[in-house]
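Worksheet: one structure, shown below.
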Amino acid sequence: MTNLNKRNKLSFDSIKPDSGLKIALEKSRPDVIAIIRDSGLKGRGGAGFPTGVKWNLAAAIKAEDKYVICNADEGEPGTFKDQLILRDYTDLVFEGMTIGGYAIGATKGFVYLRGEYKFLLEHLNDVIEHRRQQNLLGKNILKTDFEFDIEIRQGSGAYICGEETALIESLEGHRGEPRNRPPFPVDTGFQNKPSIVNNVETLTWAACIISKGSDWFKSKGTEKSPGLKLLSVSGDCEKPGVYEFPFGITVGELMKKVGGENAKAVQVGGASGHCVPPSEFDRKIAFEDLSTGGSVIVFGKDRDLLLAVKNFLEFFCEESCGQCTPCREGNKKLLEGVELLIEGKCSSAKLREMMSLGSTMQIASKCGLGQSSPNAFLSVIKHFKSEILGRIGSPV
Amino acid sequence: MKLKTDIDQEESRAPESEKAREVKKPESIEAIGAEVKVNIDGMDVKVHYGSTILEAAKQVGINISTLCYHEDLKIAGVCRICVVEVEGDRTLQAACAYPITRPINVKTYSPKVRRARRHILDLLLSTHYGQCYTCKRNGNCELQKLAEEYGVDLFRFGQVKEPKYDIDDSSYSLVRDMNKCILCRRCIRTCVNLQEVGVLNVYGRGKDTRLCTFMDRPIADVICINCGQCLNRCPTAAITAQDPTDEVWADIDNPEKHVVIQTAPAPRACMGECFDIGPGQAVTFEMNTALRRVGFDKVFDTNFAADLTIIEEGTELLLRLKKALVDKDMSIALPQFTSCSPGWIKFIEHFYPEYIPNVSTAKSPQQMFGALIKTFYAKLHNIDPSKIVSIALMPCSAKKFECNRPEMRSSGFKDVDYGLTTRELSKMIKESGVDLPKLPKSDFDDPFGTATGSGVIFGVTGGVMEAAIRTVLELVTGKKVESIYEHGEIVPVRGFEGVRYAELKISEIGDVPEIVKHLFKDWKWLKGAILKVGICHGTANARRVMENIKAGGQFSQCHFIEFMACPGGCLGGGGQPIPTSPSIRAARAKAIYSEDRAYSIRKSHENPAVNRIYKEFLTDGPGGEISHQLLHTHYTKRGKYIT
């Protein structure tokens with residue numbers, strides 16, 4: 001767990017406990033949503049959907065039951081920042097969920113906890129119980145007529161359950177497989193009721209924003225990606241760990257901070273992200289450029305990137321839910337192709353075929369998993385062409 | 001009259017396409033109106049709010065290819081073959097799953113779409129063990145058809161050279177060959193959602209995803225009811241029916257054997273579909289000629305046994321009612337359930353074994369006929385019953401299991417040797433070179449020749465009930481049923497609603513007719529009685545009705561309930577031509593009802609062959625000792641857990 005080192009001071013430390021919740025409950029629901037909207041907070045899981053818009057959509061629908069779902073299925077290879085938040089800032093997460101519940105009119109929240117994070121379960125339940133005793137959960141929260149409670153449910157180790165509709169299916173007790181979208185969870189979510197699914201970090205920032213105001217949040221980051229972001233840095237660098245940086249930091253700047261200046265490439269966004277070569281180290285980590293849920297993996301000078309791609313594709317071959325053809329079968333074919341490349345047996349025609357297949361998978365797969373699984377492969381081929389072309393061989 | 005049921009029709013499981021589609025309209029968004037204007041490939045079209053792109057495209061004459069989509073089933077959107085471009089969306093959208101809730105521009109045939117569809121098809125072909133020449137679905141395979149339409153000329157991503165999985169042929173009814181499965185999951189949605197049996201599901205993830213049964217057991221060792229609805233909806237040959245045609249040919253070729261075939265009503269209404277005659281045209285009498293040319297020694301009409309079933313089952317119902325109403329015998333199980341659908345029988349044996357006493361002990365027409373062929377017919381024509389091969393042409397895959405039940409040996413031999421499906425018999429006819437549509441017509445063979453309209457309508461949901469009512473009403477009132485219902489058609493029990501309920505008042509009574517005089521003195525106890533009946537089709541609806549009965553609802557007050565395992569009744573059976581859809585089933589039903597009208601005798605108890613057999617053979621009458629020995633059966637409490 002050496003990676004779980006906090007490498008710089010996190011803004012979360014400066015938040016007065018439950019100050020956000022107190023402020024929120026004094027405001028009207030639309031006002032709470034307005035603050036979140038104004039802050040420009042976007043989903044920290046990587047997709048970057050504006051949180052305020054999501055909350056507003058769910059709030060606009062009349063329904064007896066609505067749900068707040070905290071996506072704590074942190075499964076992207078190379079991310080561990082949610083684990084740190086859940087461990088060290090547990091109250092802030094639950095506070096964010098409670099504010100979300102108040103904003104959309106929900107009385108029930110779920111934390112969908114990654115199966116491998118079972119060791120956090122007892123701690124999380126203790127905190128929930130403590131908050132109930134403090135009247136921060138349950139009926140008449142802080143002497144208002146607002147009611148909200150939280151339940152932890154555990155995943156069973158499926159990467160796909162980080163996808164929000166698959167998560168909901170799993171939460172309902174079904175096989176975790178993505179649904180067709182539309183309809184979206186904001187109107188047809190858990191038990192077909194309006195539900196907001198937010199990443200652990202998103203909810204935590206939401207609590208901070210209500211506490212400190214949207215201007216505080218907006219003052220950092222870029223125009224299109226306001227605020228700060230937790231990054232989990234791992235791989236061939238001197239100081240792996242969890243860092244807080246404003247959006248807009250370039251890959252190069254980040255590498256300097258973490259002691260990875262000599263990197264051969266940096267994988268931003270985990271297995272489903274992009275492989276960035278040194279020539280593009282001036283690119284920004286932000287939703288408008290290099291989007292990431294937090295995973296940054298550094299590849300050192302001696303790494304064979306094809307082996308890394310092979311590793312990622314093996315991961316997707318295992319972790320695809322198996323529903324849709326492009327993802328289930330496509331990843332298999334890409335893996336076969338990469339294996340041929342490694343063995344020096346892949347023709348250039350075959351390579352072109354693979355690239356074409358990859359771009360089909362990006363647009364024809366049912367969910368984000370299949371749509372992003374060829375990214376690593378395609379970006380390595382694109383940016384390290386000379387290295388790859390040198391390994392083209394004749395087919396068997 | 002047909003009355004409302006207390007089972008919510010939304011709850012009752014009509015196939016998906018028969019339900020009104022409802023998409024939630026967000027209240028915050030301004031009302032867009034009931035119609036939305038969309039542009040598909042440059043053509044404007046107005047569609048209902050919530051229609052899918054697939055449906056909208058049909059309106060402008062564009063057929064988007066599909067695989068995992070089926071009109072009867074929940075939308076899955078998993079094969080992705082139907083992807084289209086929606087302007088403004090980063091990714092392609094599945095046309096079958098995309099509800100139109102705002103004006104959109106759609107391209108169904110852009111280069112992007114074409115490339116994606118080819119990739120998807122090539123990927124499917126790379127995992128399918130396609131041995132087309134030796135495949136049961138050769139010429140009727142949706143994957144094969146797509147490959148043809150898309151002009152596939154190479155296996156871009158390779159092909160499967162060796163089978164990976166063993167073929168599961170443990171069941172008397174179904175065969176599973178997972179080497180041919182393309183994971184469209186139609187069978188799962190059929191088994192789990194449409195039929196609510198739940199034998200099939202997906203196992204594993206990613207590259208290891210495959211279809212499996214509970215604990216991966218062979219299909220014979222799970223609670224499969226053999227309805228065959230899955231195989232009717234499989235696009236390839238991953239699930240097929242057990243095919244005994246080789247054995248049947250061997251018997252036909254053997255001069256020692258006397259091969260007779262009985263033919264059920266539903267196949268004739270559909271066999272034309274295998275010969276490029278659209279659904280809805282019965283080919284009964286051409287089929288008789290064809291069967292003789294193929295080499296069957298005698299061609300019988302199962303309708304005869306259907307009429308017999310009505311007499312036996314109707315008598316049983318009257319007896320149960322008398323014991324309950326007059327003798328106040330509390331042990332009598334009511335309502336009485338029909339017993340002709342073998343899928344339903346296995347369903348109740350597994351899921352509601354405690355209700356087995358309610359099931360009529362009368363055998364299904366197939367098995368009644370089988371028992372009579374090797375006894376009555378053998379004696380009449382002085383044929384050694386061991387030399388008789390009794391074949392049944394059925395619309396059903398479960399009939400294959402039924403004829404293999406150990407209790408179905410009342411004649412001392414296996415009463416029915418083989419059950420053939422409509423598809424298998426069509427294949428035999430084609431192999432013989434017989435051009436069915438052009439054949440002269442010919443009649444069924446004696447001594448069972450004449451049939452009635454009542455037997456014919458056994459093939460459609462509500463038919464058994466209608467036939468039973470026709471007979472019971474006439475026996476009890478002594479009046480012609482035509483004087484009560486126009487053309488003698490009991491319209492209240494007809495229709496395709498998943499669950500139906502009707503009440504019929506017996507306002508007057510007549511004398512007890514000769515045929516049941518040994519059982520009843522008079523009908524006084526029935527005067528003014530209201531006969532309550534229920535009808536349902538598809539086992540998901542059967543489940544609704546059974547749960548209603550368990551909870552003491554409306555159907556627990558019924559006297560008689562017809563259950564059919566398959567949607568639409570036998571005409572939608574697992575042995576019928578593939579494909580199936582609501583419109584195909586409706587056309588088949590029309591063919592059956594018009595055939596009923598064409599019969600001069602339309603009531604079971606007026607069938608002269610039936611009356612003859614009670615005079616000459618089943619001499620102690622309906623419900624008597626001989627009939628109990630040959631025409632009645634018992635059931636097995638199977639339960640949900642098989643060890």
Side-chain angles (χ1 to χ4, degrees), chain A residues 56-63 157-160 175-184 186-188 192 194 314-337 350 353-354 356-371, chain B residues 23-29 50 52 67-68 74-85 89-94 96-102 112-113 115-128 156-158 182-185 201-211:
Chain A
N56 197 35
L57 287 168
I61 293 167
K62 281 182 197 144
Y159 170 74
I160 186 59
R175 192 181 148 90
E177 287 183 340
R179 298 174 174 176
N180 287 301
R181 295 159 16 129
F184 295 94
V186 284
D187 61 78
T188 312
N192 288 337
E314 280 167 350
F315 174 78
F316 286 121
C317 283
E318 296 278 338
E319 293 298 337
S320 160
C321 77
Q323 262 194 106
C324 80
T325 318
C327 178
R328 181 187 66 237
E329 305 300 336
N331 280 311
K332 268 198 281 194
K333 295 299 159 191
L334 289 189
L335 178 60
E336 281 170 25
K350 176 93 183 162
E353 199 101 274
M354 291 302 137
S356 169
L357 172 64
S359 54
T360 285
M361 290 163 67
Q362 286 179 321
I363 56 170
S365 297
K366 185 169 176 175
C367 80
L369 192 159
Q371 287 161 11
Chain B
V23 172
K24 258 193 249 170
K25 289 189 190 178
E27 289 166 36
S28 64
I29 297 168
T52 61
L67 259 181
C68 71
K74 271 184 179 309
I75 302 290
V78 295
C79 77
R80 313 304 287 177
I81 203 87
C82 70
V83 286
V84 295
E85 242 185 295
D89 284 5
R90 186 178 56 85
T91 57
L92 303 179
Q93 301 288 354
C96 70
Y98 192 97
I100 300 170
T101 54
R102 62 190 166 90
K112 239 190 201 175
V113 170
R115 190 192 66 196
R117 285 195 193 155
R118 261 309 291 270
H119 272 136
I120 291 162
L121 185 56
D122 288 337
L123 286 172
L124 287 172
L125 290 173
S126 78
T127 137
H128 173 76
R156 194 191 326 205
F157 299 120
I182 54 168
L183 289 166
C184 71
R185 305 191 182 184
N201 217 327
V202 210
Y203 177 81
R205 257 188 291 156
K207 62 178 171 42
D208 303 319
T209 312
R210 63 191 170 85
L211 192 81

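Just so it is clear: chains get the letters A, B, ... in the order the sequence lines come, proteins before strands, and each one is counted from 1. Nothing here was measured: the structure is a model prediction, and the numbers come from that model.
Here the closest non-hydrogen pair linking S365(A) and R80(B) is O-NH2, 3.6 Å. Between K333(A) and F157(B), the shortest heavy-atom distance links the atoms NZ-O, 3.2 Å. The minimum heavy-atom distance between C79(B) and P326(A), with the atom names listed, is O-CD, 4.4 Å. The shortest non-hydrogen separation linking P99(B) to P182(A) is CD-O, 3.8 Å.
Heavy atoms of A94(B) lying under 4.5 Å from chain A are absent altogether. The contact between A158(A) and chain B is made by backbone and side chain atoms together, counting heavy-atom distances below 4.5 Å. If you measure heavy-atom distances from T91(B) to chain A, the contacts under 4.5 Å come from both the backbone and the side chain. Of the atoms belonging to V202(B), heavy atoms from both backbone and side chain fall under 4.5 Å from chain A. With a 4.5 angstrom heavy-atom cutoff, I81(B) does not touch chain A via any of its atoms. Using a 4.5 Å cut-off between heavy atoms, Y159(A) touches chain B through its backbone atoms (N, CA, C, O) alone. For E85(B), no part sits under 4.5 Å from any heavy atom of chain A, backbone or side chain.
Put simply, the side chain of L123(B) reaches to within 4.5 Å of the side chain of L357(A), judged on heavy atoms. At a threshold of 4.5 Å between non-hydrogen side-chain atoms, the residues R115(B) and S356(A) count as touching. Residues R90(B) and Q371(A) form a side-chain contact, since some pair of their non-hydrogen atoms from C-beta on lies under 4.5 Å apart. In this structure, R328(A) and K207(B) have side chains that are not in contact, with every pair of non-hydrogen atoms separated by 4.5 Å or more. Between R205(B) and E318(A), every side-chain heavy-atom pair lies at or beyond the 4.5 Å cut-off.
Residues meeting the salt bridge (charged side-chain N to carboxylate O under 4.0 Å, His left out) test with R185(B), sequence neighbours left out: E177(A). Among residues two or more places apart in sequence or in another chain, the salt bridge (charged side-chain N to carboxylate O under 4.0 Å, His left out) test is passed with R179(A) by E169(A), E172(A).
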Step by step, work out the side chain to side chain contact (heavy atoms under 4.5 Å, CB included) result for Y98(B) and N180(A). CA-CA 8 Å; Y98(B) 192 97; N180(A) 287 301; over 6 Å; no

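Atoms CZ and CG, from R175(A) and N201(B) in turn, are 7.5 Å apart once rounded to the nearest 0.5 Å. The NE2 atom of H128(B) sits 12.5 Å away from atom CD of E329(A), with the distance rounded to the nearest 0.5 Å. Within the model, atoms CD1 of I120(B) and OG1 of T360(A) stand 7.0 Å from one another, a figure rounded to the nearest 0.5 Å. Atom-to-atom distance recorded for T325(A):OG1 and I182(B):CD1 is 7.5 Å, nearest 0.5 angstrom.
Of all the listed residues (P183(A), C327(A), C317(A)), the one sharing the greatest number of non-hydrogen pairs under 4.5 Å with chain B is C317(A). Your options are D122(B), L124(B), D89(B), and the one with the most heavy-atom pairs under 4.5 Å with chain A is L124(B). Each of K332(A), M361(A), K366(A), Q362(A) has some count of heavy-atom pairs under 4.5 Å with chain B, and the biggest count is that of K366(A). Of the listed residues (G176(A), A59(A), S320(A)), the greatest number of heavy-atom pairs within a distance under 4.5 Å of chain B belongs to S320(A).
Other residues, nucleotides and ligands contribute more than 12 heavy atoms inside 6.0 Å of the CZ atom of F184(A).
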